[in-house]
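Single-structure report; data block below.
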Amino acid sequence: MENKKEMRNWLNDFNLSHPLVIAGPCSAETEEQVLKIAHELKDSDVSVFRAGIWKPRTRPGGFEGVGEIGLKWLKKAKAETGMLMGTEVATAAHCKLALEYDIDVLWVGARTTANPFAVQEIADTLKGTDKIVLIKNPVNPDMALWLGGVERLYAAGIEKLGVIHRGFSTYEKTKYRNIPEWQIAIELQNKFPDLPLIIDPSHITGNRDMILEVTQEALDLNYDGMIIETHIDPENAWSDAAQQVTPDALKQILKDLKIRNLSG
Ligand code: PEP
Ligand code: MN
């Protein structure tokens, strides 16, 4: 895309001396859970609090998210902590509600990126928004599909765009939940050097013990940020229990990472 140079690097607005840190639970479960985690993360390097409100479950019968009421909790968490709030959107209705509640960061999930009709619907609904919009890679290792998602959002006049690398599904059993296929993210980054690239080690590993190593690998490859699922009681989380870390564990991970200075 010729106009990639015009893409505003919204990351600079954060004025950070380290990569962007997004953290919070896989799913918003209760108001108490959201507020507790947000308060624990308030005085850390976390700039954006994440929580899924609408959960795209691969199979029916699981917890599918608390829905709109969760947006009220996020609004409250923002008022009490000052952190920016982020959630996943998958339909036009989700986008409208998230904008109504003034959610700062909207991300497109991996299952949605795999569906161009859905991405176009999201792009049309968010047309011209000045919210930060992040698009995860599709579930399948298809760079063009990910690129297409970026192009659809950018063509809708959304300037604060970024991409999240959450790994790709494979039928083979590996040590990862979703294999990284680093070269796909790097190729995308080469096509859009101004597009912030964020690692999602939680969904790549599916295992809290591997979060540090995968995040470090990404930072060594010059990634711009990370999104790490963080829960007050990971073992009893209503979704993705094996991969979430406690706020204290997250702070330790942030300490242990050898972090490149963004301005350096
Ligand atoms: C999530 O972020 O909780 C999520 C559902 O992720 P993904 O779209 O990467 O599967
Ligand atoms: Mn999750």
Side-chain angles (χ1 to χ4, degrees), residues 20-29 33-34 37 46 48-60 62-67 70-71 74 84-91 94-95 98 103-116 118-119 122 132-142 145-146 149-150 153 162-170 176-181 184-185 188 197-208 210-211 214-215 218 223 225-246 249-250:
L20 178 71
V21 184
I22 304 173
C26 177
S27 300
E29 297 167 2
Q33 174 245 20
V34 165
I37 302 170
V46 177
V48 180
F49 182 83
R50 66 148 283 158
I53 302 297
W54 299 287
K55 302 303 297 179
R57 304 317 295 273
T58 301
R59 299 183 58 200
F63 171 61
E64 293 190 326
V66 295
L71 297 172
L74 291 183
L84 296 189
M85 295 290 137
T87 202
E88 174 174 347
V89 289
T91 66
H94 295 166
C95 294
I103 297 299
D104 309 282
V105 178
L106 314 180
W107 81 80
V108 179
R111 288 158 195 76
T112 307
T113 309
N115 177 354
V119 177
I122 289 169
I132 296 168
V133 180
L134 307 175
I135 181 159
K136 289 197 174 196
N137 65 255
V139 279
N140 51 321
D142 185 338
L145 203 47
W146 198 4
V150 170
L153 294 170
V163 291
I164 301 176
H165 176 203
R166 54 76 82 192
F168 301 89
S169 39
T170 164
Y176 300 106
R177 177 179 176 190
N178 292 292
I179 46 171
E181 302 281 20
I184 296 180
L188 187 84
L197 174 59
I198 294 167
I199 188 73
D200 176 347
S202 308
H203 292 90
I204 287 179
T205 65
N207 170 1
R208 60 183 135 267
M210 290 167 66
I211 302 288
V214 168
T215 310
Y223 278 47
M226 64 199 83
I227 176 166
I228 301 183
E229 288 189 336
T230 308
H231 193 289
I232 207 83
D233 183 9
E235 258 126 69
N236 293 305
W238 296 4
S239 57
D240 288 351
Q243 68 197 35
Q244 305 204 57
V245 297
T246 62
L250 175 75

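Remember, it's 1-based here, ligands and their atoms both numbered in the order they're listed. Residue numbers run from 1 in the order of the sequence given.
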query = What angle, in degrees and rounded to 10°, do you get at the Mn ion (ligand 2) when you join it to NE2 of H203 and to SG of C26?
reply = 170°
query = Do any N or O atoms from the side chain of R50 and from the backbone of P25 form a donor-acceptor pair under 3.5 angstrom?
reply =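 Such a contact is found between R50 side chain and P25 backbone.
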request  = Do me a favour and list the nearest non-hydrogen protein atom to atom 8 (O) of ligand 1 with residue, atom name and distance?
outcome  =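 Going by distance alone, atom 8 (O) of ligand 1 is nearest to A110 N, 2.9 Å.
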ask   = Considering only the protein, which heavy-atom contact is closest to atom 4 (C) of ligand 1, and what is its distance?
value = H203 NE2, 3.5 Å
If I compare all heavy atoms of [X] with all of [Y], which pair ends up nearest, and what's the gap?
X: T246; Y: I232; result: CG2-O, 4.5 Å
X: A241; Y: R208; result: O-NH1, 2.7 Å
X: V119; Y: T112; result: CG2-O, 3.5 Å
X: I204; Y: H165; result: CD1-O, 3.8 Å
X: S202; Y: I227; result: OG-O, 4.0 Å

Which atoms of ligand 1 have any heavy atom of [X] under 4.0 Å away?
X: R166; value: 7 (P), 9 (O), 10 (O)
X: C26; value: 3 (O)
X: E88; value: 4 (C), 5 (C)
X: G109; value: 8 (O)
X: R50; value: 1 (C), 2 (O), 3 (O)
X: R111; value: 7 (P), 8 (O), 10 (O)

task = Counting heavy atoms only, name the option from K55, R57, K136 that's nearest to atom 6 (O) of ligand 1.
result =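 The nearest heavy atom belongs to K136.
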query = Just checking, is any N or O donor in the side chain of H203 or E229 under 3.5 Å from an acceptor N or O on the other one?
reply = yes
request  = Verify the distance criterion only: is there a donor paired with an acceptor across the side chains of H231 and D240 at less than 3.5 Å?
outcome  = no
ask   = Can G52 be said to touch ligand 1, with heavy atoms closer than 4.0 Å?
value =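 Heavy atoms of G52 never come under 4.0 Å of ligand 1.
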message = Between ligand 1 and D200, is the shortest N or O to N or O distance under 3.5 Å?
response =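 No, since none of the N or O atoms of D200 sits under 3.5 Å from an N or O of ligand 1.
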ask   = In D240, what N, O or S atom is nearest to the Mn ion (ligand 2), if we give its atom name?
value =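 Minimum-distance N/O/S atom of D240 relative to the Mn ion (ligand 2) is OD2.
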ask   = Can you name the N/O/S atom of E229 that is nearest the Mn ion (ligand 2)?
value = OE2
query = Only one of I22, V105, T230, I37 forms a side chain to side chain contact (heavy atoms under 4.5 Å, CB included) with F49, so which one is it?
reply = I37
